Engineer: 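Once you've had a glance at the structure underneath, I'll fire off some questions.
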Amino acid sequence: MNNKIKATLVSLPLLFTSTSYAAMSEMSVCNDCSTQEIKTLIDRDSSANIYVVDFVNRTAQKFTSSGEDGSQPIAIAMSISELNTINQRYEYRKTHLRALNPSSK
């Protein structure tokens, strides 16, 4: 009985971590991109939310696209959980990314 509880407690964090990876939207790496390059990158993607990762400037941004052609992508705030998930995904690069929120531009 006691071993089943321990096994459950050990497996729960693994389950939640894998669920958060599956729930993440498309991630694109665009190092030292201009605003126009980011817009082009987002226009090619069909996801509602797109994460743009920049390893040169060590930043991560979250954008939403309205789906209309020619419309500007909108930068939206990223949660701490989303930033942690991105940092875990790119942990092998030994770089800690920071969120570049719309108000910090």
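Model, not experiment: these values are computed from the prediction.
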Engineer: Roughly how far apart are I80 CD1 and T85 OG1, rounded to 0.5 Å?
Structural biologist: 11.5 Å
Engineer: When you look at R98 and L100, which way does the side-chain contact (heavy atoms from CB on, under 4.5 Å) test go after all the steps?
Structural biologist: CA-CA 6 Å; R98 63 182 173 83; L100 188 59; 3.9 Å; yes
Engineer: So, taking the atom named CD1 in I86 and the one named CD in E91, what distance separates them when rounded to the nearest 0.5 Å?
Structural biologist: 14.0 Å
Engineer: Got L97 and T59 here, is their nearest side-chain heavy-atom distance under 4.5 Å?
Structural biologist: no
Engineer: Which atom pair, heavy atoms only, marks the closest approach of A99 to L83?
Structural biologist: N-CD2, 3.7 Å
Engineer: Give me the atom names and distance for the closest heavy-atom approach of H96 to N87.
Structural biologist: CE1-ND2, 3.5 Å
Engineer: Can you confirm if the aromatic rings of Y90 and F55 lie within a centre distance of less than 6.0 Å?
Structural biologist: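 When the ring centroids of F55 and Y90 are compared, they turn out to be within the sub-6.0 Å range.
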Engineer: Looking only at heavy atoms, which two atoms of E82 and K62 are closest? And how far apart?
Structural biologist: OE2-NZ, 2.8 Å
Engineer: Are F63 and I38 packed together at the side-chain level, in the sense that at least one heavy-atom pair is separated by less than 4.5 angstrom?
Structural biologist: yes
Engineer: Any chance you could measure N84, atom CG, to Q88, atom CD, to the nearest 0.5 Å?
Structural biologist: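 That separation rounds to 6.5 Å.
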Engineer: Between T95 (side chain) and R93 (backbone), is there a donor-acceptor pair under 3.5 Å?
Structural biologist: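 Yes.
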Engineer: To the closest 0.5 Å, what do you measure between SG (C30) and CD (Q61)?
Structural biologist: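 Rounded to the nearest 0.5 Å, the SG-CD separation comes out at 9.5 Å.
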Engineer: Judged by atom type as modelled, is there a donor-acceptor pair below 3.5 Å linking the side chain of D54 to the main-chain atoms of V56?
Structural biologist: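 Judged by distance alone, yes, a pair lies under 3.5 Å.
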Engineer: With a 3.5 Å distance limit and no angle check, can you tell me whether N49 reaches the backbone of T64 through a side-chain donor-acceptor pair?
Structural biologist: no
